[in-house]
Colleague: 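Structure provided below as structure tokens; questions to follow.
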Amino acid sequence: MEKLFEDLNSAQIEAVKTTEGPVMAIAGAGSGKTRVLTRRMAHLIFNLGVDPDRILAITFTNKAATEMKDRIVALHQVPRRAMWVSTFHSMCARILREHIDKLGYDKHFQILDDDDTTQMIKVLLKTLNIDAKMFKPRSLKNYLMDLKSDPEAIEDYEDPLKGVLKQLLPLYQRQLKDSNLVDFEDLLLLTIELLKTHRVVRSYYQSLFQYVMVDEFQDTNDVQYRLVKLLVNKNENIFIVGDEDQSIYAFRGANIANIRKFENDYPKVKRILLEQNYRSTNTILKAANNVISSNKHRIVKNLYSTHGDGDPIVFFKGYTYRDETEYVSETIRRLTHQGYRYEDIAVLYRANATSRPFEDTFLQKNIPYQVVGNLSFFKRKEIKDMVAYMRLIINPDDNYSFRRIVNEPRRGIGNKTLDRLSAFSAEEDESMFALIDHKDNPLGNAAIGKLKLFKQMVLSLREAIEQLDFNTFMDLIIEKTGYKDMLQFDDMGAVRYENILELKTMLQENERAFKDADKIEVLTYVLEDIALKSQEDETKDSNVVTLMTLHGAKGLEFRAVFVVACEQGMFPLFRSMESTKALEEERRLMYVGMTRAKEKLFITNAKQRQLYGSPVMHTDSQFITEIGPDYLKLEGLNKAVSQSFSQSARPRKPVMETVENALQKGDKIEHKTFGRGVVINVVKEQCVIAFGKEYGIKTLLKDHAALKKV
DNA sequence: CACCGGTTTATTTTT
DNA sequence: TAAACCGGTG
């Protein structure tokens, strides 16, 4: 049993062995945080005899949860299902599935993902006669979610937005409940409500979870913090791990201050610092440290590594993005000749769209790759449609799914009809599906006829489910709904059909896992899984280069890492350049990116990049400057034009200077009505300016009178 | 109601 | 650039 500790350093051992009372581990990048968590869990189970299901371990992503479970299972024989190792959201779903009836929902509730929520808001805006141009559904969604966790905050908004939100929120919430749906925020909030209002349930879970661990604590938001507090019992056996330098989810409400708050709320807390880095070379660590040290207000850590200095970081600058993708491809080729495998290499970028040109080049050069997280499998239209069919079959009250597929494939049921039926549904307080053959419904006979046929079909599928295995059941769905026929006329039909087959496989796997369970229960569970795992994590393609966002890379490591498109405006993003807070978060993102690399780090960019379809000139990311010249080896344009660090050395074209002296990219401006903004592009007489949230991005005449440089 | 084609518009990160 | 949106026609 001492094996559990033999490859740990003393700080790590302390973190593993201190099981009683509140503990906070400040874990720098690459300090073996996951190892500590896993060992701690193993220590509890095997040395101290704690039941696996009495430990609650919260991770940030499904990927992390799966990995942790794998490690424990591999280490010792513990049944997977017994463990409470999950994300906040899936933990909540698991609790609610058991108890949600106490809050007036049905236990077959389904989970609405973000896209669904936005769609729903769009429809609601229409019924409220609110112009979706003035109030973007996407940003309304964000406001709405914020408001749900903090209803008081409504007073902080100003009319007309305030008025819109006041109308929208109750309507949205009622629709959800009527359809027996919950959104991501509800999962957390309803669980809190449940625990607060039901003493018995609360004390059950509090005594069940003898030990609670929370990973990536710097990324918890206030609601999640509240939830953790509710689950921890008076023994206060809570262990949190975090690193404020890696907090990159403020946009989702993550609150770094929660780390400090934790120290206040649990005064007996023991603080452990994990400073030894097992991952990167000292060059990489020092460079990353140079970058992050520009952030104010942080606990200064002293990361060190025993891996030596290693190679310098390469900074390649290309003229166009083509140069950049070429360079990355060639370098990958070279690395593979030096013994690197494709799976040792990652290409990281700020925004998903950046992956495109890299994919093109890799394809052309036969470099095997995998893009993580872009259009996830479960977000594809055909999959969403199939899911909607299954949801409606399980739960006919689900107006949202009803609307999605009632005319997919085309059944001659148009928007007019649906709007009427929807309004009627609101009046009668019954689902659209149920009201189809209501005697007073305000629809034409033709429409009623078509709707009745649809209803018949859904009901017959509902009857079929208990008798059939999932394989036959899915076949029946695509057959009866006409979906299969529709695909034959679709250019993408074959691919879409393939995807549906994949979904079928997934259902069958679950069928096998829960042999004796009721079909509807299993299906409910699978649909929940799909909603929570919109970020597919089972793409375990072997030996391929990984392309992903910097956010997606959190918690991972690679022997060689490329951080690409490092230009002012791309990374950090234009929008983030206005406020220090946003800029500091971008900087942490850079820190996370750099510290993913074990041996080799490449930072690349291009002077000119295609943006919104037209070429735009960019300067180097300020983060490159922040690394400082000592750790960088220059390649590409850098070499020819000498260093980008001495501004004066760079020759300028005087012609452009005079033409464009009025406004330039990156200038901060003030507009009479739109307020402050940043110029993100200048094309001839026009310029594109990013204003604050309310106004978004606007294209204006460059020398407009309302514009003023600040 | 479905379909076509022209026009506008938006570009961050994720459970 | 590409996807979403709009408005007119069959």
Side-chain angles (χ1 to χ4, degrees), chain A residues 58-65 86-93 111-115 117-119 122 126 131-133 136-139 141-142 145 182-188 216 219-221 223-224 247-254 348-354 356-357 372-376 378-379 381 407 409-418 444 446-447 450 528-529 531-537 548-554 565 569-577 582 585-586 588-589 592-593 609-616 680-681 688 690 693 695-699:
Chain A
I58 307 223
T59 60
F60 194 70
T61 60
N62 291 302
K63 199 163 54 193
S86 64
T87 62
F88 273 107
H89 291 86
S90 37
M91 170 196 73
C92 289
I111 300 160
L112 224 52
D113 71 22
D114 258 10
D115 292 339
T117 303
T118 313
Q119 280 304 118
K122 222 184 267 175
K126 228 181 251 169
D131 186 5
K133 287 241 174 63
K136 307 274 157 54
R138 236 198 116 66
S139 52
K141 184 213 79 195
N142 291 331
M145 292 302 199
V182 303
D183 60 27
F184 281 152
E185 212 58 38
D186 281 334
L187 284 172
L188 304 171
E216 308 279 11
D219 282 321
T220 53
N221 62 31
V223 175
Q224 291 165 337
S247 166
I248 53 177
Y249 282 93
F251 70 92
R252 219 173 74 190
L348 309 181
Y349 36 79
R350 176 65 240 259
N352 275 310
T354 313
R356 260 317 241 311
V372 177
N374 220 357
L375 220 213
S376 106
F378 300 113
K379 287 203 166 135
K381 182 184 177 308
N407 200 32
R410 300 260 133 91
R411 298 187 177 92
I413 302 164
N415 272 325
K416 270 260 150 49
T417 306
L418 292 175
K450 292 174 196 162
E528 169 188 313
D529 216 38
L532 292 175
K533 277 195 189 152
S534 41
Q535 189 77 11
E536 75 193 295
D537 43 34
M548 64 176 139
T549 63
L550 289 147
H551 282 88
K554 185 155 99 157
M570 300 297 293
F571 185 31
L573 280 169
F574 287 115
R575 283 166 162 268
S576 313
M577 288 159 61
E585 176 135 327
E586 297 281 305
R588 290 193 291 270
L589 206 48
V592 168
R609 183 173 300 278
Q610 300 296 117
L611 210 59
Y612 334 126
S614 50
V616 180
I680 59 179
N681 195 10
V688 185
K693 258 195 187 142
Y695 301 107
I697 295 189
K698 303 250 180 249
T699 305

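The chains referred to below are lettered A, B, ... by the order of the sequence lines, with proteins before strands, and numbering in each begins at 1.
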Colleague: Tell me whether the side-chain N/O atoms of Thr61(A) come closer than 4.0 Å to OP1 or OP2 in dT14(B).
Modeller: no
Colleague: Go through the N and O atoms of the side chain of Arg252(A) and the base of dT13(B), and report whether any donor-acceptor pair is under 3.5 Å.
Modeller: no
Colleague: Rounded to the nearest Å, what distance is computed from the OH atom of residue Tyr612(A) to the C1' atom of nucleotide dT1(C)?
Modeller: 12 Å
Colleague: Pick the closest DNA chain B nucleotide for Ser576(A) and for Arg410(A) by heavy atoms, then say which residue is nearer the 5' end.
Modeller: Arg410(A)
Colleague: How many Å lie between CG on Asp131(A) and C1' on dA4(C), as a whole number?
Modeller: 15 Å
Colleague: Between Asn407(A) and Phe60(A), just flag the one whose closest nucleotide in DNA chain B comes earlier from the 5' side.
Modeller: Asn407(A)
Colleague: Considering non-hydrogen atoms only, spot the tightest contact between Ala93(A) and Glu528(A) and give its length.
Modeller: CB-OE2, 3.4 Å
Colleague: OP1, OP2 of dT13(B) versus side-chain N and O of Asn352(A): anything below 4.0 Å?
Modeller: yes
Colleague: Parallel, tilted or perpendicular: which one describes the rings of His551(A) and Tyr249(A), with boundaries at 30° and 60°?
Modeller: perpendicular
Colleague: How far apart are the closest heavy atoms of Asp219(A) and Ala254(A), and which atoms are they?
Modeller: O-CB, 3.5 Å
Colleague: When the distance from CG of Asp115(A) to P of dA3(C) is rounded to whole Å, what number comes out?
Modeller: 15 Å
Colleague: Figure out the CZ/P separation between Arg138(A) and dA4(C), and round it to whole Å.
Modeller: 12 Å
Colleague: Regarding Lys122(A), tell me which of base, sugar-phosphate or nothing describes its non-hydrogen contacts under 4.0 Å with the strands shown.
Modeller: sugar-phosphate
Colleague: Check if the side chain of Arg575(A) and the base of dT12(B) share a donor-acceptor pair of N or O atoms closer than 3.5 Å.
Modeller: no
Colleague: Is the distance from OP1 or OP2 of dC1(B) to the nearest side-chain N or O of Lys450(A) less than 4.0 Å?
Modeller: no
Colleague: Give me the atom names and distance for the closest heavy-atom approach of Thr61(A) to Thr87(A).
Modeller: C-CG2, 3.4 Å
Colleague: Using a cut-off of less than 4.0 Å, is there contact between a side-chain N or O of Thr417(A) and OP1 or OP2 of dC1(B)?
Modeller: yes
Colleague: Counting side-chain heavy atoms from C-beta on, which of dT15(B), dT12(B), dT13(B) comes nearest to Leu573(A)?
Modeller: dT12(B)
Colleague: If you check the Phe184(A) side chain, which of dT14(B), dT12(B), dT15(B) turns out closest?
Modeller: dT15(B)
Colleague: With sugar-phosphate meaning primed atoms plus P, OP1 and OP2, does Arg356(A) contact a base, only sugar-phosphate, or nothing at under 4.0 Å between heavy atoms?
Modeller: nothing
Colleague: In whole angstrom, what separates His89(A)'s NE2 from dT15(B)'s C1'?
Modeller: 5 Å
Colleague: Is there a side-chain contact between Ile248(A) and Val592(A) (heavy atoms, below 4.5 Å)?
Modeller: yes
Colleague: Taking dC5(C) as the reference, what is the distance to dT12(B) when you measure between their P atoms (whole Å, please)?
Modeller: 16 Å
Colleague: Measure from the ring centre of Phe251(A) to the centre of the six-membered ring in the base of dT13(B), then say whether that distance is under 5.5 Å and the planes meet at under 30°.
Modeller: yes
Colleague: Using a 3.5 Å distance criterion without hydrogens, assess whether the side chain of Lys450(A) forms a donor-acceptor pair with backbone atoms of Gly412(A).
Modeller: yes
Colleague: Please report, rounded to the nearest Å, how far the C1' atom of dA2(B) is from the CZ atom of Arg411(A).
Modeller: 15 Å
Colleague: For Phe378(A) and dT15(B), what is the distance between atoms CZ and P respectively, to the nearest whole Å?
Modeller: 13 Å
Colleague: Please give the distance between the P atoms of dT11(B) and dC6(C) as a whole number of Å.
Modeller: 16 Å
Colleague: Which whole-number value in Å describes the distance from Asp114(A) CG to dT14(B) P?
Modeller: 11 Å
Colleague: I'd like the P distance from dA4(C) over to dT13(B), given in whole Å.
Modeller: 15 Å
